[in-house]
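Comments concern the structure below.
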Amino acid sequence: MVYFCIMNYPQIHDKWRKFWQDNNINKFNPNDKGKKYYTLEMLPYPSGASLHLGHFFNFAPSDTHARFKRMCGFNVFHPMGFDSFGLPSENHALKTNTHPEDNTNKNIEKFISQLEQLGGMYDWDYSFSTHDVDYYKWTQWLFIELFNCGLAYQKDAAVNWCGDCQTVLSNEQSQGGVCERCDSEVERKQMKQWFFKITDYAEELLKGLDKIDWPNKTKAMQRNWIGKSEGAIITYPTNACDIQVFTTRVDTIFGATFIVIAPEHPIVQKVTTKDRKPDVDAYISAAAKKSDIERMENHEKTGVFTGGYAINPASNLPVPIYVADYVLYTYGTGAVMGVPGHDARDHEFATKYGIEIKKVIQNNDTNEFTEEYGTLINSNQYNGLSSEVALKTITNDLKKKKLGFLKTTYRLRDWSIGRQRYWGVPIPIVYCDKCGVVPVPMSDLPVTLPYLQDFKPRGNAPLSNDENFVNCKCPTCGINAKHETETMDTFVCSSWYFLRYMFAKRDDVAFDVEMTNKWLPVDKYIGGAEHSCGHLLYSRFITKVLKKLGHVKFDEPFSSLVHQGMILAPDGQKMSKSKNNTISPDKYIEEFGSDILRLYMLFGFNYIDGGPWNDGTLRTITKFPERVMRLIEKIGTDKETDNNVQHVRATTIKAVREDLDSFSFNTAVARCMEFANAITGAKIVSRESVRDLVLLLAPMIPHIAEELYSKIYPNKIQSIFNQKFPKPIAKHLEKSTIEIVVQINSKIKERITIKTDATQDEVMKLCANILEGQTPKKVIYVQNKLINFII
RNA sequence: GCGGAUGUGGCGAAAUUGGCAGACGCGCUGGACUUAGAAUCCAGUGGGCAACCGUGGGGGUUCAAGUCCCUCCAUCCGCACCA
């Protein structure tokens with residue numbers, strides 16, 4: 001289908017992009033006047049050959065917001081970069097039989113040209129890719145900062161291993177037991193690994209959520225991921241040793257009729273009696289083989305009796321000790337007290353293995369115990385206490401006997417950051433036989449990633465095959481030593497990048513402290529919700545560490561966060577290559593230019609929700625800028641004289657300002673259309689009204705708005721982005737008369753026009769004939785809205 | 001199981017503090033201009049002939065409920081044997 005266009009959109013785009021470039025319109029200077037405004041989109045992985053529709057839906061509306069802020073007088077910093085290290089780029093390179101470096105550089109070039117086509121207000125002097133040596137040198141610096149204060153450490157631990165990617169993954173990258181990148185099942189593997197001690201910041205990460213303007217969902221996800229729970233650690237003595245259990249329900253301790261220990265727990269060996277040992281050993285080795293997925297899928301509880309008993313410290317009764325894989329070794333103490341009377345899982349287990357079930361908590365509604373508790377000793381003194389008070393009282397009593405104490409635990413685990421892969425930042429550590437683990441000194445950074453021909457992952461770090469890289473001198477004592485050959489998780493690269501943009505070209509510091517404290521935190525951060533428990537958590541952690549180390553003064557990186565919705569295929573399904581329902585932005589840009597694509601994205605969806613793609617709406621939206629063009633051609637006077645247009649003009653300006661500020665782009669476009677309708681309806685088209693309309697549209701259709709603006713003022717050559725965003729004229733916001741609704745018994749009877757801000761008496765006089773002589777029992781009057789007579 | 005959402009015309013969607021439901025646009029219908037219309041302009045467009053009825057269902061509060069409360073249903077997303 002060919003549409004007749006009065007404007008050659010693609011040509012307009014090229015023309016104004018060149019104009020911006022020639023006149024440095026997008027240049028950023030941190031010292032310019034205007035209040036600072038730092039707005040940022042999550043930096044893209046340049047792993048694919050070109051930007052996809054999702055990128056556009058992220059970047060184009062964000063750019064509209066940035067341009068709006070600029071026209072409002074802010075000094076707007078809106079940089080863009082590329083998250084070029086890591087599995088996505090490397091896996092793509094492996095698949096396409098290219099080298100990640102060549103491939104990545106090529107992709108970045110293409111990305112930049114597309115971002116330019118999109119009309120993004122980027123100053124490329126403030127840009128980098130995370131695989132640039134000048135950038136990752138400072139990622140290594142960051143690692144050493146963490147290492148020096150004990151937050152980067154090595155330990156032998158069970159880690160998530162992806163067999164397909166041949167590398168360790170963090171918990172965040174293997175949620176649900178599946179590799180985030182390739183969807184294959186993750187195994188558990190015991191190995192020595194580098195970690196960042198994010199758990200030290202669990203409480204701060206939790207508390208910080210209260211003071212940032214983020215979507216509730218994201219905060220809830222982080223809270224859930226951190227998983228704070230307050231409870232107590234109770235000691236259950238046995239003949240062999242003490243068993244510590246963690247519980248949030250100390251108040252149910254009199255109902256604890258057994259103990260369960262996780263199969264991996266070393267204490268199992270101690271408490272197991274000799275005659276039962278074979279059973280237990282067999283069970284443990286079987287449990288160890290189970291993958292997380294099997295564990296998750298199989299919710300039926302299995303376990304085995306160890307033969308041993310522990311003493312319930314509250315009742316002094318002996319309770320049997322079981323090993324069962326429904327208890328997680330990595331959470332709490334790896335052992336729990338089984339309270340089948342009050343916990344569904346314990347109940348299921350106790351029923352299966354014939355363990356005694358006791359109920360000990362009063363039922364608040366009936367004030368009766370629902371089952372017998374006759375065997376309990378000493379429990380009466382706790383009856384009637386709330387769970388919270390009982391917890392404190394009982395814990396205090398146990399504390400006196402040195403059998404328990406209050407304890408807060410978190411689900412959050414330390415962040416495993418070492419990767420047995422090639423395409424990442426080399427960890428700047430040297431192993432010396434004499435000095436041990438030595439951080440590479442600042443003066444020796446960067447530890448450069450060599451260009452390896454063979455970087456295929458085979459389980460060990462590819463860098464370990466490069467002798468030139470491995471062999472080095474110990475920075476401390478000078479003897480022959482070896483470099484660490486693992487690289488860092490790509491999320492380390494992206495955990496601090498927002499600090500670097502402004503200093504992208506500085507090679508003496510990672511970032512300038514004074515300027516950073518002036519420009520950060522980021523005012524508006526925009527990106528997908530999928531990073532809630534990864535990147536967004538890591539960035540907060542690193543920021544808090546940097547604050548503690550005195551490098552920055554703020555402790556949250558992103559004061560306000562927006563997640564864009566997802567654009568779905570026309571059938572409402574997620575777009576995916578395998579379903580063959582993807583839509584490429586390129587053909588639309590070629591045909592209409594990026595502004596039309598942008599306008600459609602702004603108008604056709606609620607930004608936060610997203611929704612299915614509709615080709616028809618995109619095509620018909622091309623008509624709107626042409627309508628504005630026709631209005632310009634009809635300009636007959638400079639000043640606006642039409643009262644209605646004046647009113648619509650003022651209210652539109654006010655509404656659009658609010659809408660663009662709050663990412664309500666679809667209504668902003670709608671307001672502009674209403675304004676255009678009002679101008680169309682007037683007897684004569686005024687230059688100043690059309691000018692305001694085009695100014696309002698400028699952030700949304702930057703290239704076309706420049707063209708329209710140049711038609712309004714054909715004798716001046718100036719960028720619309722150096723003009724001020726319109727402000728509403730106060731006196732035109734209010735109309736002198738207003739229509740209000742007259743209701744009788746809450747049903748609408750009539751609409752009357754009356755002067756604005758009329759009093760109830762004035763309105764009632766006008767309503768006399770509507771009431772037809774009836775006297776209302778009650779009158780509700782809402783000024784400028786309605787009057788309701790109850791008869 | 002826990003947590004977060006969402007549910008409004010034929011379609012995409014609007015609707016501060018409860019105050020004219022469906023703005024704006026698409027589509028559709030009719031008209032104008034046209035050799036023509038898939039361009040443009042004008043008019044109409046939730047349902048119903050009406051009284052009335054309409055925001056997932058059912059209750060409730062209120063003069064007034066898409067909006068607040070209770071309850072149920074459906075869909076989506078995240079986490080999940082977290083003691």
Side-chain angles (χ1 to χ4, degrees), chain A residues 1-6 175-177 215-225 227-229 231 245-249 252 256 260 262 292 295-296 298-301 324-328 330-339 342-346 348-349 409-412 529-530 532-533 566 572 574 600 603-606 608-609 611-614 616-621 623-624 626-627 630 655 658-659 664 666-677 680 739-748 750-751 776-791:
Chain A
M1 251 191 269
V2 177
Y3 282 81
F4 171 74
C5 296
I6 60 170
Q175 291 183 23
N216 282 340
K217 180 190 178 170
T218 315
K219 290 191 191 185
M221 278 172 71
Q222 288 207 355
R223 282 194 192 101
N224 192 30
W225 189 252
K228 178 178 182 171
S229 57
V245 304
F246 175 71
T247 179
T248 53
R249 294 293 306 275
T252 64
V260 195
D292 282 356
R295 278 194 179 204
M296 270 186 274
N298 181 17
H299 270 241
E300 201 198 325
K301 287 159 192 53
D325 67 357
Y326 80 91
V327 171
L328 305 173
T330 49
Y331 183 74
T333 60
V336 302
M337 60 184 204
V339 187
H342 298 279
D343 182 284
R345 296 154 303 178
D346 294 342
E348 186 192 328
F349 191 78
T409 62
Y410 301 89
R411 290 175 50 202
L412 186 68
E530 68 275 14
S532 296
C533 291
M566 195 188 292
K574 261 189 186 180
Y600 165 61
F603 182 61
F605 308 85
N606 174 311
I608 311 296
D609 297 340
W613 180 265
N614 185 322
T617 310
L618 180 133
R619 287 172 185 281
T620 52
I621 203 80
K623 293 192 282 188
F624 180 55
E626 291 179 341
R627 258 192 82 196
R630 278 192 292 273
E658 287 164 5
D659 288 346
S664 183
N666 52 350
T667 52
V669 179
R671 299 290 160 242
C672 291
M673 288 171 168
E674 284 178 299
F675 187 21
N677 290 344
T680 308
E739 192 180 69
I740 70 169
V741 167
V742 181
Q743 295 181 333
I744 292 177
N745 291 335
S746 307
K747 299 265 183 211
I748 297 163
E750 211 161 305
R751 294 179 173 82
K777 275 185 271 184
K778 193 175 169 187
V779 179
I780 295 113
Y781 177 57
V782 183
Q783 202 175 53
N784 298 333
K785 289 240 164 79
L786 60 78
I787 189 157
N788 187 5
F789 298 104
I790 310 303
I791 292 168

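Residue numbers begin at 1 in each chain, while the letters A, B, ... track the order of the sequences. These values consider heavy atoms only, across backbone and side chains, with no hydrogens, waters or symmetry-generated copies.
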- Query: CE of M673(A): more than 12 outside heavy atoms within 6.0 angstrom?
  - Reply: yes
- Item | Residue-phosphate contact under 4.0 Å: Y326(A) side-chain N/O, rA83(B) OP1/OP2 | no
- Task: Look at the side-chain N and O atoms of S229(A) and state whether any lies under 4.0 Å from the OP1 or OP2 oxygen of rA83(B).
- Result: yes
- Task: Determine: side-chain N/O of K301(A) to OP1/OP2 of rA83(B), distance under 4.0 Å, yes or no.
- Result: no
- Item | Position toward the 5' end of RNA chain B (nearest nucleotide), V336(A) or L786(A) | L786(A)
- Message: Under 4.0 Å, counting only non-hydrogen atoms across every strand here, what does K747(A) touch: a base, just sugar-phosphate, or nothing?
- Response: sugar-phosphate
- Message: Among rC41(B), rC26(B), rG19(B), which nucleotide has an atom closest to any side-chain atom of V782(A)?
- Response: rG19(B)
- Query: Checking all strands, does D346(A) fall into the base, sugar-phosphate, or nothing category for heavy-atom contacts under 4.0 angstrom?
  - Reply: nothing
- Considering residues at least two apart in sequence or located in another chain, which fulfil the salt bridge (charged side-chain N to carboxylate O under 4.0 Å, His left out) criterion with K217(A)? none
- Which base sits across from rA5(B) as a Watson-Crick or G-U pair, both distances under 3.5 Å? rU75(B)
- Contact class for N666(A) (heavy atom, under 4.0 Å): base, sugar-phosphate, or nothing? sugar-phosphate
- Indicate, with a heavy-atom threshold strictly under 4.0 Å, whether I780(A) touches base, sugar-phosphate, or nothing. base
- Message: If I take atom CD1 in residue I748(A) and atom P in nucleotide rA51(B), what distance separates them, rounded to the nearest angstrom?
- Response: 14 Å
- Query: So what does R223(A) hit on the nucleic acid, given a heavy-atom distance under 4.0 Å: a base, only sugar-phosphate, or nothing?
  - Reply: nothing
Nucleotides 2-12 of chain B: which of its N/O atoms have a protein N/O under 3.5 Å away?
{"from": "rG12(B)", "atom 1": "O2'", "to": "G604(A)", "atom 2": "O", "distance (Å)": "2.3"}

